[in-house]
Amino acid sequence: MEKYNLVIVGGGPAGLAAAISAYDKGERNMIILEREPKLGGILNQCIHNGFGLHTFNEELTGPEYAQRYIDEVKKRNIKYLLNTTVINVSDKKEIKALSEDGLLNIEAKAIILSCGCRERPRGGINIAGARCAGIYSAGTAQKLVNIEGYMPGKEVVILGSGDIGLIMARRMIFEGAKVKAVVELMPYSSGLNRNIVQCLNDFNIPLMFSHTVVDIKGKKRVESVVIAEVDERLNPKMETCQEIKCDTLLLSVGLLPENELARGASVDLSRITRGAIVDDQLMTSIPGIFECGNVLHVHDLVDYVSEEAKEAGEKAYEYIYSSKDESYEKTLIKTENGVRYTVPELIIKNDDYNPLTLKLRVGNVYKKVKLEVSCDGDVIYSRMRPVVAPGEMEKIDLKSEQVEKLRKATEIKVYLRSQE
Ligand SMILES: Cc1cc2nc3c(=O)[nH]c(=O)nc-3n(C[C@H](O)[C@H](O)[C@H](O)COP(=O)(O)OP(=O)(O)OC[C@H]3O[C@@H](n4cnc5c(N)ncnc54)[C@H](O)[C@@H]3O)c2cc1C
C-alpha cells in the first residue's frame, strides 16, 4: 500500500490547477493519476481558440491553455502517473488504480476527484430509427478530426446546440463538410452566445429551436434524418416532419459528470448536477474527499474550472493539516424561481467570513430579473441581470459581511425576482 497525503484523480485542467495550488500551499506528498497517455484532459482535443480570456487575458487554444498548467506542474516536480485508471475509491480514502505496472493500492489523507464528464450517448435520449454507421457524439467527432485526422462525414446534421455541437459545426465546415442544420429541442441554446455567433451565424448554418430528430434512416450508413417541431411539452408534432438528406448525425445532447468513483465511495450526489453535493470547502459528504471541475458541475468556461480547482487544492491542503473536528453543522441553500442549483449547495455554519463565490445555473431564459440571495428572509445580495440563460453559468461574489450573514443563517435562498 503506497501512502500519499493527497491524491488527485484526473489530470485535466481541474486536476492540474488543484495540484499546483496544493503545492503552493506547502504540500509535497501528492500524486496526480491520469488514465490518458497525456495530461491536459479534454482540452487536448479542443484546438479552437477562446480559452483563457479570464485567466491570462489572452485567447488560447485548448492545448495551449493546458500546457501552461502542465509546465507549472513540471516546474514544481509534482508527481504524476499517466495511463493509470482509478477503478475504485473507498470512503476510507483507499484507492485502487490500474497502471502499466499493474494494480496500485494507495492510501490518502485527502482525495480530489477531478475526473471531468462524458457526453450523453444516443441511448440516453432514445432516438428511434436505424442503428447504422454515421452517428457520433460531437466530442468523438472532434477527437477523430482534431487528433486522429479522420473525417466523420460530408453532409452533417447536428442534434443539440451545446458548446461542443456549435464548435463542431464550424469545425466540420473548415474541414470541407456541409452542415445542413443544428437542431435544438429547447426554445433556447444551452451553449454560449458567442459560440452561436462565431460558429453558426458567421457560416450561415441554420439553428432550428424547438425541433428534434424523430427518425434516422439508412442501411449501412446514415442516409437521412427526419426532424419535427416539438410542442411546449417537448412532444414532436408529427405533422411538421421534414427529411434532411445527410450521411452523418452528430449528437451534442449534454454532458454527464463521471461520478462512478464518487458513487463507489458513497459520496452524496446531486440529482440536478449529477456531481457531488459539496460544502463551501468543496468537500463532499465524505470528509477528506473533494470535487472540482466538470465532475462537480458542467462549467461553461475552463477559466472557472481552474479557479474552482485552485480553491479545492487549498482546501484539501487545509484539511490535511487541520485538527478541526469534521462534524460541521451546515445549512442547505434552497433554490427557487428559476435557479436550478448552486455550487456549493451547503454552507458551513459559523466558519470564517472570507469572501465566497456561489455558482449557479438557471433553468430557462429570463429577461430583466434580479438575482438575489436571502438569509432568514433578509435580502443580502441583489443584482440586476438584463438576461440569464441556461447556457451561461452565473456567479455571485459575496463579500465578508455578506458571508457572515450566510454563516449565521438558518435559511438561505437563491432565486430570481422578476422586474417586469
Ligand atoms: C468539446 C469541448 C469544447 C470546449 N470548448 C471550450 C471553449 O471553447 N472554452 C472554454 O473555456 N471551455 C471549453 N470547454 C470546456 C473545458 O474544456 C472544460 O471546462 C474543462 O476541460 C474541464 O476540466 P476538467 O479537468 O474538469 O475535466 P477534463 O478536461 O475532462 O479532465 C478530466 C480528466 O480526468 C481523467 N479521468 C477521468 N476519470 C479518470 C479515472 N477514473 N482515472 C484516471 N483519470 C481519470 C480524464 O482522462 C481527463 O483527463 C470545452 C469542452 C469540451 C468537451
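Basis for what follows: all heavy atoms, side chains included, without hydrogens, waters or symmetry-related copies. As the structure is a prediction and not an experimental result, all values here were calculated from the model. Atoms within each ligand, like the ligands themselves, are counted from 1 in listed order.
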Between [Y] and [X], is the closest basic N to carboxylate O distance under 4.0 Å?
X	Y	value
Glu314	Lys25	no
Arg118	Glu258	yes
Arg417	Glu372	yes

Can you see whether [X] engages [Y] through a side-chain donor-acceptor pair at a distance of less than 3.5 angstrom?
X	Y	value
Asp91	Ser266	no
Asp303	Thr55	yes
Glu2	Tyr4	yes

Quick one: which of [options] has a heavy atom closest to [atom]?
atom	options	answer
atom 18 (C) of ligand 1	Asp163, Asn294, Leu81, Leu296	Asn294
atom 32 (C) of ligand 1	Pro37, Cys115, Cys117	Cys115
atom 41 (N) of ligand 1	Val86, Ile164, Ile87	Val86
atom 53 (C) of ligand 1	Asp303, Ile42, Leu33	Ile42

Please confirm whether [X] approaches ligand 1 to less than 4.0 Å, judged on its heavy atoms.
X	result
Leu43	yes
Asp300	yes
Thr84	yes
Gly139	no

Does an N or O from [X], backbone or side chain, lie closer than 3.5 Å to an N or O of ligand 1?
X	result
Ala14	yes
Glu36	no
Arg35	yes
Val295	no

What residue and atom, counting heavy atoms only, is the protein's closest point to [atom], and at what distance?
atom	value
atom 1 (C) of ligand 1	Gln142 OE1, 2.8 Å
atom 12 (N) of ligand 1	Phe51 CE2, 3.3 Å
atom 20 (C) of ligand 1	Pro13 CG, 3.7 Å
atom 19 (O) of ligand 1	Val305 CG2, 3.4 Å
atom 48 (C) of ligand 1	Glu34 OE1, 3.5 Å
atom 50 (C) of ligand 1	Cys46 SG, 4.2 Å
atom 8 (O) of ligand 1	His48 NE2, 2.8 Å
atom 11 (O) of ligand 1	Val302 N, 2.8 Å

(message) Under the salt bridge (charged side-chain N to carboxylate O under 4.0 Å, His left out) test against Asp280, which residue among Arg407, Lys330, Lys315 passes?
(response)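 So, applying the salt bridge (charged side-chain N to carboxylate O under 4.0 Å, His left out) to Asp280 and each of Arg407, Lys330, Lys315, only Arg407 qualifies.
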
(request) Kindly indicate whether a cation-pi arrangement holds for Arg68 with Phe56, taking the cut-offs as under 6.0 Å to the six-membered ring centre and within 45° of the axis. (result)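 Judged by the rule (NZ or CZ under 6.0 Å from the ring centre, within 45° of its axis), Arg68 counts as positioned above Phe56.
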
(request) Verify salt bridge (Lys or Arg N to Asp or Glu O under 4.0 Å) between Asp24 and Arg76, making sure each step is shown before the conclusion. (result) CA-CA 9 Å; Asp24 290 349; Arg76 289 166 178 76; 2.8 Å; yes

(request) List the steps and the verdict of side chain to side chain donor-acceptor pair (under 3.5 Å) for Asn5 and Tyr321. (result) CA-CA 10 Å; Asn5 283 349; Tyr321 294 96; 3.1 Å; yes

(request) Classify the angle between the aromatic ring planes of Phe174 and Phe203 as parallel (below 30°), tilted (30 to 60°) or perpendicular (above 60°). (result)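 If you compare the ring of Phe174 with that of Phe203, the planes turn out perpendicular.
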
(request) Mark yes when over 12 heavy atoms from residues, nucleotides or ligands other than Lys178 sit less than 6.0 Å from its NZ; otherwise mark no. (result)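 No, the 6.0 Å shell around NZ holds no more than 12 heavy atoms from other groups.
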
Pull out every atom of ligand 1 sitting under 4.0 Å from any heavy atom of [X], numbered as shown with elements.
X	answer
Ser114	32 (C), 33 (C), 34 (O)
Gly293	26 (O)
Leu261	41 (N)
Gly116	26 (O), 27 (O), 30 (O), 32 (C)
Gly12	25 (O), 31 (O), 33 (C)
Gly41	29 (O), 31 (O), 48 (C), 49 (O)
Thr85	42 (N)

(request) May I ask you to decide if Lys245's main-chain N or O and Lys180's side chain share a donor-acceptor pair within less than 3.5 Å? (result)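 Flag set: sc Lys180 to bb Lys245 pair under 3.5 Å.
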
(request) Could you tell me whether atom 37 (C) of ligand 1 has at least one protein heavy atom nearer than 4.0 Å? (result)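 True for atom 37 (C) of ligand 1.
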
(request) Verify whether the ring centers belonging to Tyr317 and Tyr23 lie closer than 6.0 Å. (result)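 No, the ring of Tyr317 stays outside the 6.0 Å limit from the ring of Tyr23, centre to centre.
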
(message) Please tell me whether Tyr188 and Tyr366 form a close aromatic pair, meaning their ring centres lie under 6.0 Å apart.
(response)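 No, too far apart.
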
(request) State, yes or no, whether a side-chain contact exists between Arg170 and Leu200 at a heavy-atom distance under 4.5 Å. (result)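 When only atoms from C-beta onward are counted, Leu200 and Arg170 do not touch, as no gap falls below 4.5 Å.
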
